[in-house]
Every structure is written in structure tokens, then in C-alpha cells.
Asker: 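My structure is below; once you've seen it, I'll send some questions.
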Amino acid sequence: MRRDLAGRAAVAILTALSLVLAPAAPVLAAQAPAPSPAPSAKAPAPPAKPPAAKGAATPAAKTAPAPAPPPDGGWPRGYTTPSGGKVVVYQPQVATWAAQRHMIAYAAASYEPKGATKPALGSLKIEADTKVAVSERLVNFSDLKITESNFPTLPKEQMREVVDEITAAMPDEDRVIGLDRVLASVDRSQIMPKNVEGVKADPPTIFFSSKPAVLVNVDGDPIWSPIKENDLKFAVNTNWDLFHHEPTKVFYLLHGQSWLQAADFKGPWTAAGKLPPSFGKLPADDNWKEVKAALPGKKLSADKVPQVFV
């Protein structure tokens with residue numbers, strides 16, 4: 001195990017060194033003097049471009065759209081410690097993510113105490129309970145602990161202070177990492193879907209019609225209520241005017257200013273013929289005002305009858 005941890009620490013330190021020292025090459029190249037050009041025969045001047053016509057539009061320079069910032073703000077991240085030192089933490093490499101709730105990760109880091117001339121490079125082992133925000137593509141690891149640290153150039157008695165400084169320097173709102181970064185490094189075979197009892201995931205019924213259709217919503221089976229001194233009953237658990245005529249066992253449905261009928265309330269529905277006299281005996285009150293206004297109803301041709309889904 002010690003050899004394994006030492007190997008991880010060495011990889012993390014090499015990563016940090018490569019990240020810290022990489023910008024030096026272009027800086028040194030910029031400081032080097034440009035070589036003097038070799039003498040050559042004077043080249044002929046290029047032909048002058050003809051002047052643009054008056055009022056002609058000059059093509060605008062095309063600029064590439066700026067790339068969208070990463071959801072977690074990007075890595076590495078620099079902080080100032082309470083004592084005035086400087087800390088840089090590089091992107092954690094996730095080792096395990098048990099049940100997508102507890103994460104163990106390794107990160108390269110640099111620590112520069114106040115007044116130091118150069119940073120000390122090392123590695124951190126981070127353990128944290130996580131929360132996932134799928135829509136934002138973020139994993140929150142604010143409840144973190146640095147369980148191991150390795151900075152070879154720092155004395156061992158200073159390590160506890162360094163760990164406390166780094167922990168205190170990282171604000172809670174910065175303790176997030178992109179979900180896609182985590183999934184890219186974790187073994188996805190460890191992510192096992194689990195069934196949650198009590199969650200109903202049955203697929204809904206899909207209705208399809210190639211002609212005009214209506215959807216009659218009924219909360220369960222129709223609950224029929226009698227009408228005083230009438231042989232019609234109406235369904236109380238729907239916002240449609242749905243009736244059942246008991247003597248003939250026929251169902252009637254008001255659609256706009258026209259009437260449909262069916263032998264079963266689920267259909268099929270056809271254009272209604274002459275309505276039973278019971279409709280004319282409905283009480284003269286506001287409850288039946290719209291129904292009575294639609295009597296005897298507008299006739300519908302067969303091609304105008306909508307598909308009715310209940």
C-alpha cells in the first residue's frame with residue numbers, strides 16, 4: 001500500500017510540475033532575440049489593390065464565438081490562505097464514487113507560504129460526501145476532508161498546518177466539480193441503477209388520430225348522479241357534459257353545439273340522432289343552461305364526427 005500511495009503521489013507531483021512549469025517555454029521564447037534576416041535582393045513591391053468603389057461595403061471580420069465556460073468554473077483554482085499564503089489546487093482525479101454519494105479523489109496542489117520564494121508541490125487525498133445536481137451537471141463535495149497529504153519539500157511537522165490552511169482557503173461554493181469530469185474518470189461499471197419502491201413508471205396510454213379528435217378526461221370510471229324527476233344521469237367526475245339515458249342504455253356527449261352518442265362511454269362515438277325527450281325536461285337553472293342552449297343540437301355529417309378518446 002505504501003508503494004501504491006507513493007506512486008500516486010509521484011504522479012500527482014509530476015502533473016503539478018508539468019502544469020506549473022509549462023508556461024515558462026513561451027516566455028523564454030519571447031525573450032530570445034529574433035535572428036537578423038539574411039541580406040537578399042530587393043523583392044518587387046506587390047501590385048497595389050484597386051480602390052474600393054464608393055459606398056461599397058467592406059466585409060466584416062469574422063470572429064469565432066467564445067466557448068461556453070465549464071459548469072464548474074474550470075480548473076486549476078488558486079486561493080489565498082488565512083495566513084497570507086497561496087494555494088493552487090488542480091482538478092481532482094476521482095478514484096471511487098461509492099453509490100454516487102461518497103467520493104475519494106486525488107489532486108495535485110502547490111502551497112506557497114507567505115514570504116516564500118517558490119511553491120512547494122505535493123498531492124492531496126480528498127474524501128467527501130457528495131450531492132449531484134443533474135440539471136446543472138455539477139457534483140458538490142463541500143463536506144470534504146483531506147485524509148492524506150504529501151509535500152516532499154516541507155517538514156513533516158508543518159503538514160498539519162498546511163492541510164488546515166488549504167481546507168480553510170477553499171470556500172464552500174467552490175467545492176464543486178463538473179459531473180462529466182467525474183464520469184470521465186470513475187469506473188462507470190460501479191454505477192448501478194437501483195429500483196425505488198413506490199415510484200410508478202408505467203408508460204402512459206398514447207392516443208393517435210389522423211383526423212380531428214377530442215380527449216374526454218374522466219377521473220376513473222364515471223360517477224353517475226341522478227337528475228330530479230328525469231331518467232338522465234350525468235357524470236360528476238369530468239368537465240364534459242356526459243350523460244347516460246337509463247331506459248335505452250345510451251351515452252350522450254355534448255361536443256360544441258352538436259351531440260354524439262355511444263353504446264359504451266369509451267366509444268366508439270357517432271353523431272347522435274334525435275335526442276330523448278328527457279333532455280327537454282332538464283331543470284331550468286344555471287347548471288343546465290349551456291346544455292339546454294345546445295338543444296336539439298347541430299347535425300354532424302359522418303366526416304365531421306371527431307375521434308373521441310376517453
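These numbers come from a predicted model, not from an experiment.
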Asker: Counting only heavy atoms not in Asp219, do more than 12 sit closer than 6.0 Å to its CG atom?
Answerer: no
Asker: Quick one: list whatever passes side chain to side chain donor-acceptor pair (under 3.5 Å) with Asp164, sequence neighbours left out.
Answerer: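 With sequence neighbours excluded, Asp164 shows a side chain to side chain donor-acceptor pair (under 3.5 Å) to Arg160, given in chain and number order.
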Asker: Is the shortest side-chain heavy-atom distance between Ser83 and Glu165 below 4.5 Å?
Answerer: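 Yes, side chains in contact.
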Asker: Please confirm whether the backbone N or O of Gly178 pairs with a side-chain atom of Asp72, one donor and one acceptor, at under 3.5 Å?
Answerer: yes
Asker: So do the side chains of Tyr79 and Asp174 get within less than 4.5 Å of each other, counting heavy atoms only?
Answerer: yes
Asker: So with a 6.0 Å cut-off around CD of Glu229, is the heavy-atom count from everything else above 12?
Answerer: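 Not more than 12 within 6.0 Å, no.
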Asker: What I'd like to find out is whether the side chain of Trp97 reaches to under 4.5 Å of the side chain of Leu183, using heavy atoms alone.
Answerer: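 In short, these two side chains touch, coming nearer than 4.5 Å.
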Asker: Sequence neighbours left out, what passes side chain to side chain contact (heavy atoms under 4.5 Å, CB included) with Ala263? Give chain and number order.
Answerer: none
Asker: With no hydrogens and no angle check, is any side-chain donor or acceptor of Thr130 less than 3.5 Å from a backbone partner on Arg101?
Answerer: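 It does hold such a pair.
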Asker: Testing Asp180, Ile177, Val176, Val134 one by one against Val139 for a side-chain contact (heavy atoms from CB on, under 4.5 Å), which residue passes?
Answerer: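 Checked Asp180, Ile177, Val176, Val134 against Val139; only one passes side-chain contact (heavy atoms from CB on, under 4.5 Å): Ile177.
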Asker: The test is side-chain contact (heavy atoms from CB on, under 4.5 Å); show your working for Leu300 and Leu260 and say whether it passes.
Answerer: CA-CA 9 Å; Leu300 280 176; Leu260 305 174; 3.9 Å; yes
Asker: Can you find a heavy atom in the side chain of Ile227 that is under 4.5 Å from one in the side chain of Leu282?
Answerer: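 Result yes, sub-4.5 Å side-chain heavy-atom pair found.
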Asker: Is there a path of hydrophobic side-chain contacts, each under 4.5 Å between heavy atoms of I, L, V, M, F, W or Y residues, that connects Leu254 with Leu275?
Answerer: yes
Asker: Any donor and acceptor pair, going by atom type alone, linking the side chain of Thr238 with main-chain N or O of Asn217 inside 3.5 Å?
Answerer: yes
Asker: Distance-only, no hydrogens or angles: does the Asn237 side chain make a donor-acceptor pair with backbone N or O of Ile223 under 3.5 Å?
Answerer: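 Flag set: sc Asn237 to bb Ile223 pair under 3.5 Å.
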Asker: Look up atom NZ in Lys125 and atom OG1 in Thr147, then write down how far apart they are to the nearest 0.5 Å.
Answerer: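 That separation rounds to 4.5 Å.
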Asker: Working to the nearest 0.5 Å, report the span between CD of Gln257 and CD of Glu290.
Answerer: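 Result: 9.0 Å between the selected atoms.
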Asker: Report the distance from atom CD of Glu148 to atom CD of Glu127, rounding to the nearest 0.5 Å.
Answerer: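 It is 8.0 Å, given to the nearest 0.5 Å.
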Asker: Any side-chain heavy-atom pair from Ser225 and Lys233 closer than 4.5 angstrom?
Answerer: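 No - every pair of side-chain heavy atoms lies 4.5 Å or more apart.
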Asker: Can you name the residues that form a side chain to side chain donor-acceptor pair (under 3.5 Å) with Glu112, not counting sequence neighbours?
Answerer: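 With neighbours one apart ignored, the set is empty.
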Asker: What do you reckon, are the aromatic ring centroids of Phe234 and Trp288 less than 6.0 Å apart?
Answerer: yes
Asker: Hey, does Trp75 have a side-chain heavy atom less than 4.5 Å from the side chain of Arg181?
Answerer: yes
Asker: Output a table of donor-acceptor pairs, distance under 3.5 Å, between side-chain atoms of residues 200-216 and any protein atom two or more places apart or on a different chain; print 'none' if there are none.
Answerer:
unit_1 : atom_1 : unit_2 : atom_2 : d
Ser209 : OG     : Lys211 : N      : 3.2
Ser209 : OG     : Lys211 : O      : 2.8
Lys211 : NZ     : Val305 : O      : 3.3

Asker: Atom CG of Asn150 and atom OG of Ser123: how far apart are they, to the nearest 0.5 Å?
Answerer: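 The OG atom of Ser123 is 5.0 Å from CG of Asn150, to the nearest 0.5 Å.
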Asker: Write down the atom of Gly267, the atom of Ala262, and the distance for their closest heavy-atom approach.
Answerer: CA-CB, 4.2 Å
Asker: Whether the Tyr252 and Asp241 side chains hold a donor-acceptor pair (N or O, under 3.5 Å, no angle test) is what I'd like checked.
Answerer: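 There is no such pair (donor and acceptor under 3.5 Å, judged by atom type) between the side chains of Tyr252 and Asp241.
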Asker: Write down the atom of Leu124, the atom of Ser149, and the distance for their closest heavy-atom approach.
Answerer: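 Where Leu124 meets Ser149 most closely, the heavy atoms are CD2-CB, 3.9 Å.
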Asker: When you compare the side chains of Ser258 and His255, does any donor N or O come within less than 3.5 Å of an acceptor on the partner?
Answerer: no
Asker: For the backbone of Met170 and the side chain of Arg175, can you confirm whether one donor and one acceptor N or O come within less than 3.5 Å of each other?
Answerer: yes
Asker: State, yes or no, whether a side-chain contact exists between Glu136 and Pro71 at a heavy-atom distance under 4.5 Å.
Answerer: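 No, too far: nothing below the 4.5 Å cut-off.
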Asker: Between His244 and Leu232, does the side-chain contact (heavy atoms from CB on, under 4.5 Å) criterion hold? Intermediate values first, please.
Answerer: CA-CA 6 Å; His244 183 215; Leu232 284 173; over 6 Å; no
Asker: Could you check Ile126 against Ile104 for side-chain contact (heavy atoms from CB on, under 4.5 Å), going step by step and ending with a plain yes or no?
Answerer: CA-CA 6 Å; Ile126 299 171; Ile104 297 178; over 6 Å; no
Asker: How long is the gap from NZ on Lys281 to CG on Asn230, to the nearest 0.5 Å?
Answerer: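 Going from NZ on Lys281 over to CG on Asn230, the span is 7.5 Å.
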Asker: Testing the 3.5 Å rule here: is there a donor-acceptor pair between the side chains of Ser278 and Asp231?
Answerer: yes
Asker: Does a side-chain heavy-atom distance below 4.5 Å link Val182 with Met103?
Answerer: yes
Asker: Kindly say whether Gln91 contributes a backbone atom to a donor-acceptor pair with the side chain of Gln93 at under 3.5 angstrom?
Answerer: yes
Asker: Just grab all the side chain to side chain donor-acceptor pair (under 3.5 Å) pairs involving residues 295-310, residues at least two apart or on different chains.
Answerer: Ser301-Asp303
Asker: For the OG atom of Ser110 and the CG atom of Leu121, what is their distance to the nearest 0.5 Å?
Answerer: 6.0 Å
Asker: Of the options Trp240, Trp259, Phe243, Trp224, which is the one that meets Phe251 in a ring-ring contact (aromatic ring centres under 6.0 Å, His included)?
Answerer: Trp224
Asker: Can you sort out the partners of Leu154 under side chain to side chain contact (heavy atoms under 4.5 Å, CB included), two or more places apart, ordered by chain and number?
Answerer: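 Scan of Leu154 (side chain to side chain contact (heavy atoms under 4.5 Å, CB included), adjacent residues dropped) gives Tyr111, Ala120, Phe151, Gln158, Met159, Val162.
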Asker: Applying a strict under-4.5 Å side-chain criterion to I, L, V, M, F, W and Y, I'd like to know whether Val250 and Trp269 cluster together.
Answerer: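 Hydrophobic grouping puts Val250 apart from Trp269.
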Asker: With side-chain contact (heavy atoms from CB on, under 4.5 Å) as the test, would you mind laying out the steps for Leu253 and Phe265 before giving the verdict?
Answerer: CA-CA 9 Å; Leu253 177 69; Phe265 80 93; over 6 Å; no
